[in-house]
Amino acid sequence: MLRTSLIEKTVVALCVCLPVFAQDSGLGPSPEERVDEVFSRWDTTTSPGCAVSVVKNGEIVYKQAYGIANLDHDVPVRTDTIFHVASVSKEFTAGAIALLAIEGQLSLDDPVRKHLPWVPDFGHTITIRNLIHHNSGIRDQWALLEMTGWRYSRDLITDDDVIYLIKRQRDLNFLPGERYLYSNSGYTLMSQIVKAVSGQSLREFTTGRIFEPLGMTRTHFRDDFSEIVKGQAFGYRWDDEASAFRLSVTNFDTVGATSLLTTVEDMARWDRNFIDATVGGKELLDLIHEPGRLNSGEQQDYAFGLVHGAYRGLRTVGHGGSDAGYRSHFVRFPDQGYSFVVLCNLAQTNPAQLTRELADIYLEGRLDPADSEQPATMNAVALTDEEVSHIEGVYWSDGFASVLRIVRQKNSVELSFGGRNFEMIHTGNGRFSVPPADLLLRFEPAAHRAERALFWFADDPSSIEEADRVPPIELSESSLGEFAGEYQSPELAVTYHIDLNQGQLTIHWLKRDPSKLTPLAEDLLTADGVGALRFQRDASGQVTGFTLDSGRVRNFRFERAR
């Protein structure tokens, strides 16, 4: 068993001291044994795995490690193994901004351009508060980089690369404060604000002001990809075609939105600060829990890198992360005094779901009855061929700004979007769970077939997005040929090529393999992994360009070059 020895020794000692109770009490497995069972699939010498800490009132009550941190050298995961935790980083970036605000070195309502004058003037004031709560309208850096040709986690991405693209932007996704749309760019800008105001890099500031005071000695923002970090886990993904694990690591010299390295033990030390307020005092704790508000007055769930939510009737606050082969989740149940940290180095893991399973164990008896739609408790319900035909097809979601396809497979039904397929598990009455994507969905039927699908995140029932069925459309080869050509974006300085070959349109650009374009409606085409292209025409009917909607980038303009 690939586990740290302290808990094992403690359990053995208890068994020696209390053999009669342990054997004759009639009690079931201990919470620790149940946790080990949840993670048993990764308790092996041949797979990446996870590290776990269970924290009660600021103290670790159980910590354990499973699987391998480095498959090249058979190094096991330990509870002090260092993981890249992706967007869990955001609560520390926001915490740094909050400390500066408390000290009066900046105001959360300062225009971003006050501290970063190189940010474009979009004609509308964007405040630091807008950045914190993801309602700035600034386009997401990862989406922009991919649209330009960068290969995520394969090409080196630096702060300068992100800043270069932000400087070139001419428009926003929407007016500041108008709506919520997650944007990593905002947190990269916040790291630059920390530097501009404090005179220290985000790494220096957080190390001196947060990590060292809390004893988080194995935690820092990695702002130099080439540095040696002893004891870190490498990220992996499972390759179905090769039936093998593949290395999948980050390649970033950019911080703020991501790039925090930490351990489950150090995250427990951060959790304790929510109780004793060693860093920042009560003023900081109150501030970082403050949710955002839109211009309409609607309150958001997103606070300062912390998301307010609920699980089975209990209040939660936390954040997850996903980069390359790394997956992470940190969630607190503040009213019950419990927190759960799960850090993994395999892309196919789902730490958000795993923390819910930990809550099922340690908060048993205090949770509302399990919802049959929740992945942790669901039972698959078989679908008839008629039921599958009722829901399969193409759906368009304005909220996701993408096409979603319900696809019939030999032994399953899958949800296809963003260039990936996810198995859908039917839980009854037209309701489905999609565990790898942490999504739930249900279909609204018309007289003969579904006309609309509703999607929401498993841990956030308020995040409902609609997707409407799109009837099939067929275009002649001459009609398709009107879209072929070269298109350029002055904001990205990149050229997209749309080619027509044997009745099939494809789109490609630098470092990208061609993607098939599928007509959805008149002048609306889509491509998996690219997004939706809405073509414009001049008065004579000639195609002059298109706007691209792709998840976290909206209404992005490309002009026809030839």
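These numbers come from the heavy atoms of this one structure, side chains and all, not from hydrogens, waters or symmetry mates. For this chain, numbers begin at 1 and follow the sequence in order.
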Asks: Is there a donor-acceptor contact under 3.5 Å linking the side chains of Asn421 and Ser416?
Replies: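 Per modelled atom types, Asn421 and Ser416 side chains form a pair under 3.5 Å.
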Asks: Taking the side chain as every heavy atom from C-beta outward, state whether Ile60 and Val54 have any pair of such atoms under 4.5 Å apart.
Replies: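 When only atoms from C-beta onward are counted, Val54 and Ile60 do not touch, as no gap falls below 4.5 Å.
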Asks: Would you indicate whether the side-chain heavy atoms of Asp385 and Arg408 approach each other to under 4.5 Å?
Replies: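 Touching, per the 4.5 Å side-chain cut-off.
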Asks: Under the rule for side chain to side chain donor-acceptor pair (under 3.5 Å), what residues qualify as partners of Glu146, not counting sequence neighbours?
Replies: Arg512
Asks: Could you tell me if the side chain of Val249 sits less than 4.5 Å from the side chain of Asn251, heavy atoms only?
Replies: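 No; the side chains remain at least 4.5 Å from each other.
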Asks: Would a 4.5 Å heavy-atom cut-off, applied to side chains only, mark Val331 and Val317 as touching?
Replies: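 Result no, sub-4.5 Å side-chain heavy-atom pair not found.
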Asks: Measure from the side-chain N and O atoms of Ser397 to the backbone N and O of Ala467, and report whether any donor-acceptor pair falls under 3.5 Å.
Replies: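 Checking the backbone N and O of Ala467 against the side chain of Ser397, no donor-acceptor pair under 3.5 Å is found.
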Asks: Regarding Tyr66 and Gln64, is there a side-chain donor-to-acceptor distance under 3.5 Å anywhere?
Replies: no
Asks: Not counting sequence neighbours, which residues clear ring pair (Phe, Tyr, Trp, His ring centres under 6.0 Å) with Phe92? List them please.
Replies: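 Residues passing ring pair (Phe, Tyr, Trp, His ring centres under 6.0 Å) with Phe92: Phe211, Trp270.
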Asks: Identify, with sequence neighbours excluded, every residue that meets ring pair (Phe, Tyr, Trp, His ring centres under 6.0 Å) alongside Tyr302.
Replies: His134, His319
Asks: Would you find a donor on one side and an acceptor on the other, under 3.5 Å apart, between the side chain of His133 and the backbone of Ala303?
Replies: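 Yes.
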Asks: Please examine the side chains of Ser87 and Asn184, heavy atoms only from C-beta on, and report whether any two atoms are closer than 4.5 Å.
Replies: yes
Asks: Between Tyr182 and Lys90, is any side-chain donor less than 3.5 angstrom from a side-chain acceptor?
Replies: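 Yes, Lys90 and Tyr182 have a side-chain donor paired with an acceptor closer than 3.5 Å.
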Asks: Okay, side chain of Gln409, backbone of Glu414: is any donor-acceptor separation there less than 3.5 Å?
Replies: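 No; zero donor-acceptor contacts below 3.5 Å.
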Asks: Hey, what's the ring geometry for His84 with Tyr326, parallel, tilted or perpendicular (30° and 60° as the breaks)?
Replies: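 Tilted: the ring planes of His84 and Tyr326 meet at 30° to 60°.
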Asks: Applying side chain to side chain contact (heavy atoms under 4.5 Å, CB included) to Val413 and Ile406, what does each step give before you reach the verdict?
Replies: CA-CA 7 Å; Val413 180; Ile406 308 300; 3.6 Å; yes
Asks: How long is the gap from OG1 on Thr158 to CG on Leu156, to the nearest 0.5 Å?
Replies: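 So the OG1 of Thr158 and the CG of Leu156 are separated by 6.0 Å.
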Asks: Counting only heavy atoms from other residues, nucleotides and ligands, does the tally under 6.0 Å from CZ of Arg154 exceed 12?
Replies: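 No, CZ of Arg154 has 12 or fewer neighbouring heavy atoms, counting only those of other groups under 6.0 Å.
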Asks: Kindly state each residue pair satisfying salt bridge (charged side-chain N to carboxylate O under 4.0 Å, His left out) with at least one member in residues 314-324, sequence neighbours excluded.
Replies: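 Applying salt bridge (charged side-chain N to carboxylate O under 4.0 Å, His left out) to every pair that reaches into residues 314-324, excluding sequence neighbours, yields Arg315-Asp335.
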Asks: Do you know the tightest heavy-atom contact between Phe83 and Thr81?
Replies: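 Smallest heavy-atom distance, with atoms named: CD1-O, 3.4 Å.
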Asks: Hey, are Glu227 and Arg203 close enough for a salt bridge, meaning a charged N less than 4.0 Å from a carboxylate O?
Replies: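 Answer for the salt bridge query: yes.
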Asks: Is the shortest side-chain heavy-atom distance between Thr207 and Glu204 below 4.5 Å?
Replies: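 Thr207 vs Glu204: side chains apart.
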Asks: Of all heavy-atom pairs between Phe39 and Leu354, which one has the smallest distance, and what is that distance?
Replies: CE2-CD1, 3.7 Å
Asks: Which pairs, with at least one residue in residues 208-222 and sequence neighbours excluded, count as a salt bridge (charged side-chain N to carboxylate O under 4.0 Å, His left out)?
Replies: Glu103-Arg209
Asks: Checking side-chain hydrogen bond (donor to acceptor under 3.5 Å, both in side chains) for the pair Thr254/Asp159: CA distance, chi angles, key distance, verdict?
Replies: CA-CA 5 Å; Thr254 180; Asp159 277 340; 2.6 Å; yes
Asks: Taking the six-membered ring for Trp, are Phe432 and Phe443 closer than 6.0 Å centroid to centroid?
Replies: yes
Asks: Looking at Glu444 and Leu454, what are the two nearest heavy atoms and their distance?
Replies: OE2-CD1, 3.4 Å
Asks: Mind checking ring pair (Phe, Tyr, Trp, His ring centres under 6.0 Å) for Trp142 and listing every partner two or more places apart, or none if nothing turns up?
Replies: Tyr152, Phe252
Asks: Using 0.5 Å steps for rounding, measure from the OG1 atom of Thr219 to the CG atom of Leu214.
Replies: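 Here the rounded value is 9.5 Å.
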Asks: List the residues meeting ring pair (Phe, Tyr, Trp, His ring centres under 6.0 Å) with Phe221, not counting sequence neighbours, and say none if there are none.
Replies: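 Phe221 satisfies ring pair (Phe, Tyr, Trp, His ring centres under 6.0 Å) with no residue once adjacent residues are dropped.
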Asks: Side chain of Tyr311, backbone of Ala359: donor and acceptor closer than 3.5 Å?
Replies: no
Asks: For the pair Thr206 (side chain) and Ile210 (backbone), establish whether a donor and an acceptor sit closer than 3.5 Å, ignoring hydrogens and angles.
Replies: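 Such a contact is absent between Thr206 side chain and Ile210 backbone.
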Asks: Looking only at heavy atoms, which two atoms of Gly256 and Ser191 are closest? And how far apart?
Replies: CA-CB, 4.0 Å
Asks: Report yes or no: does Glu466 contribute a side-chain atom to a donor-acceptor pair with the main-chain N or O of Ala453 at less than 3.5 Å?
Replies: no
Asks: State, to 0.1 Å, how close Ala51 and Val77 come at their nearest heavy-atom pair, and which atoms those are.
Replies: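 Heavy atoms of Ala51 and Val77 come nearest at CB-CG1, 4.0 Å.
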Asks: Could you work out, with side chain to side chain donor-acceptor pair (under 3.5 Å) as the rule, every residue matching Lys282, not counting sequence neighbours?
Replies: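 For Lys282, the residues satisfying side chain to side chain donor-acceptor pair (under 3.5 Å) (neighbours in sequence not counted) are Asp286.
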Asks: Measure the acute angle between the ring planes of His308 and His289, then classify it against the limits of 30° and 60° as parallel, tilted or perpendicular.
Replies: tilted
Asks: For residues 64-76, which residue pairs qualify under salt bridge (charged side-chain N to carboxylate O under 4.0 Å, His left out), counting only residues two or more places apart or in two chains?
Replies: none
Asks: Do Thr316 side-chain atoms and Gly309 backbone N/O form a donor-acceptor pair below 3.5 Å?
Replies: yes
Asks: To the nearest 0.5 Å, how far apart are CD in Glu387 and CD in Glu392?
Replies: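 Reported value, rounded in 0.5 Å steps: 12.5 Å.
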Asks: Using side chain to side chain donor-acceptor pair (under 3.5 Å) as the criterion, list what pairs up with Thr355, not counting sequence neighbours.
Replies: none
Asks: Determine whether a donor-acceptor pair (N or O, by modelled atom type, separation under 3.5 Å) exists between the side chain of Asn345 and the backbone of Ile68.
Replies: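 Pair found, side chain donor or acceptor close to backbone of Ile68.
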Asks: Does any donor atom in the side chain of Thr188 or Gln141 lie under 3.5 Å from an acceptor atom in the other side chain?
Replies: yes
Asks: Trp42 side chain to Ala65 main-chain N or O, any donor-acceptor pair under 3.5 Å?
Replies: no
Asks: Kindly indicate whether the side chain of Leu202, heavy atoms from C-beta on, has any atom under 4.5 Å from the side chain of Asp223.
Replies: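 In short, these two side chains do not touch, never coming nearer than 4.5 Å.
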Asks: Could you check whether Arg312 pairs with Asp368 (Lys NZ or Arg NE/NH1/NH2 to Asp/Glu carboxylate O, under 4.0 Å)?
Replies: no
Asks: Given side chains that start at C-beta, do those of Phe330 and Leu343 come closer than 4.5 Å, heavy atoms only?
Replies: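 When only atoms from C-beta onward are counted, Leu343 and Phe330 do not touch, as no gap falls below 4.5 Å.
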Asks: Using 0.5 Å steps for rounding, measure from the CZ atom of Arg356 to the CD1 atom of Ile361.
Replies: 14.0 Å
Asks: For Arg34, which residues count as a side chain to side chain donor-acceptor pair (under 3.5 Å) partner, sequence neighbours excluded?
Replies: Glu364
Asks: If only atom types and distance count, is the side chain of Thr349 paired as donor or acceptor with the main-chain N or O of Pro351 below 3.5 Å?
Replies: no
Asks: State the CD1-CG distance between Ile157 and Leu145, to the nearest 0.5 angstrom.
Replies: 5.0 Å
Asks: Salt bridge check, Arg293 against Glu298: does any charged N sit closer than 4.0 Å to a carboxylate O?
Replies: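 Salt bridge flag = no for Arg293 with Glu298.
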Asks: For residues 270-279, pull every pair meeting salt bridge (charged side-chain N to carboxylate O under 4.0 Å, His left out), keeping only residues two or more places apart or in separate chains.
Replies: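 Those involving residues 270-279 are Glu59-Arg272, Asp271-Arg332, Arg272-Asp276.
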Asks: Can you see which heavy atom on Ala277 is nearest to which on Leu285, and at what distance?
Replies: CB-CD1, 3.8 Å
Asks: Distance alone, cut at 3.5 Å: any donor-acceptor contact between the side chains of Ser322 and Arg327?
Replies: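 A donor-acceptor contact under 3.5 Å links the two side chains.
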